[in-house]
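To start, the structure itself, in structure tokens.
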Amino acid sequence: RAQDLPPPEAAPGLQWFEPNGSREPLLGLDLLVGQQTGIRPSLAVFRNERSAWIVEGFYGALLTRLGESEGAGVGVRWQTTRGGRDSVTFGPGVDLMFNFRDGQATFLAPTVDLAWRRDFGDRVGCVLGMNVGLGVGLSGYTDGRRRWERDSAAGQVTPLISVFGGLRF
């Protein structure tokens with residue numbers, strides 16, 4: 001019978017939103033400055049002692065070769081660290097970004113975060129780092145000029161470089 005079966009468990013070593021000894025933060029909020037200038041909230045959906053799968057969002061200015069306007073994005077990132085109160089974190093990820101104006105370019109952005117994190121106690125910390133990657137155009141146009149004068153953003157590539165600081169909880 002179903003009520004006699006033990007409850008299902010997550011994959012070994014991974015906890016779904018549960019701290020269970022994990023030192024990886026659950027929530028984060030970053031302020032980015034550079035070709036992505038804005039805020040980046042994040043939520044760790046799976047985490048263990050030294051790594052986490054993170055879902056993140058972005059809202060702010062996208063200042064790229066594909067367009068310069070207000071924009072937003074969503075993505076996923078795998079973040080790992082060597083541990084300890086002072087630690088270097090490494091986080092490859094991929095985001096889908098949207099320009100709201102200036103040609104309304106949509107692009108895929110594989111990026112890497114390299115950061116230093118300082119934990120204060122068991123649940124609060126700060127982070128300083130750099131986000132580097134590429135934006136690969138999927139749709140839209142490269143700028144807001146008249147339709148017959150603008151280029152398609154599809155297939156075009158732009159560098160993405162930003163620095164960030166933030167808090168982890």
Side-chain angles (χ1 to χ4, degrees), residues 10-68 70-99 105-120 123-140 153-169:
L14 291 176
Q15 284 82 35
W16 176 260
F17 294 112
E18 297 294 325
N20 293 344
S22 174
R23 293 197 42 80
E24 289 300 304
L26 180 63
L27 300 171
L29 182 62
D30 295 334
L31 176 64
L32 286 91
V33 177
Q35 289 177 298
Q36 296 177 56
T37 298
I39 59 169
R40 181 175 65 174
S42 61
L43 173 68
V45 291
F46 288 108
R47 57 197 178 127
N48 63 22
E49 189 60 30
R50 294 216 164 101
S51 66
W53 281 99
I54 297 169
V55 175
E56 61 189 19
F58 171 81
Y59 177 76
L62 294 171
L63 309 171
T64 69
R65 290 177 36 197
L66 301 178
E68 297 180 356
E70 176 184 20
V74 294
V76 65
R77 183 170 309 282
W78 177 70
Q79 183 173 296
T80 187
T81 182
R82 293 190 64 174
R85 294 213 183 276
D86 287 315
S87 59
V88 174
T89 62
F90 174 76
V94 64
D95 296 301
L96 184 61
M97 309 299 275
F98 308 93
N99 281 56
T106 300
F107 58 96
L108 192 65
T111 61
V112 174
D113 279 1
L114 185 60
W116 169 77
R117 187 174 75 207
R118 170 71 176 151
D119 292 335
F120 303 104
R123 289 271 133 270
V124 178
C126 65
V127 64
L128 294 171
M130 178 177 265
N131 177 276
V132 178
L134 294 173
V136 180
L138 299 176
S139 67
Q156 294 199 30
V157 177
T158 184
L160 298 171
I161 302 170
S162 298
V163 294
F164 65 90
L167 298 173
R168 300 290 182 266
F169 306 97

Inset, instruction - Quick one: which residue pairs count as a salt bridge (charged side-chain N to carboxylate O under 4.0 Å, His left out) with a foot in residues 130-140, not counting sequence neighbours? - result: none
With a 4.5 Å cut-off on side-chain heavy atoms, are [Y] and [X] touching?
X	Y	value
R40	F164	yes
I39	F58	no
D95	V74	no
N99	F107	yes

Legend entry - Donor-acceptor contact present, side-chain E70 to main-chain A61, <3.5 Å: no
Legend entry - T80 side chain vs R50 backbone, donor-acceptor pair below 3.5 Å: yes
Legend entry - Full working for side chain to side chain contact (heavy atoms under 4.5 Å, CB included) between L62 and Q36: CA-CA 5 Å; L62 294 171; Q36 296 177 56; 4.0 Å; yes
Inset, instruction - Could you give me the CA-CA distance, side-chain angles and deciding distance for L26 and L43, then say whether side chain to side chain contact (heavy atoms under 4.5 Å, CB included) is met? - result: CA-CA 6 Å; L26 180 63; L43 173 68; 4.1 Å; yes
Legend entry - Within residues 157-169 or reaching into it, pairs that qualify as side-chain hydrogen bond (donor to acceptor under 3.5 Å, both in side chains) - sequence neighbours excluded: D30-R168
side-chain contact (heavy atoms from CB on, under 4.5 Å) partners of [X], counting only residues at least two apart:
X	value
A52	E24, A44, R47, I54
A154	S152
V55	V45

Inset, instruction - For E56, enumerate each residue passing the side chain to side chain donor-acceptor pair (under 3.5 Å) test, keeping only those at least two apart in sequence or located in another chain. - result: R77
Inset, instruction - Just jot down the side chain to side chain donor-acceptor pair (under 3.5 Å) partners of S87, sequence neighbours excluded, or say none. - result: T81
Just distance, no hydrogens or angles: give the donor-acceptor pairs under 3.5 Å from side chains in residues 125-139, sequence neighbours left out.
unit_1 : atom_1 : unit_2 : atom_2 : d
N131   : ND2    : D113   : OD1    : 2.6

Inset, instruction - Determine, step by step, whether W53 and V76 satisfy the side chain to side chain contact (heavy atoms under 4.5 Å, CB included) criterion, reporting the C-alpha distance in whole Å, the side-chain angles of both residues, the deciding distance to 0.1 Å, and the verdict. - result: CA-CA 7 Å; W53 281 99; V76 65; 4.0 Å; yes
Inset, instruction - Any chance you could measure R117, atom CZ, to Q79, atom CD, to the nearest 0.5 Å? - result: 6.0 Å
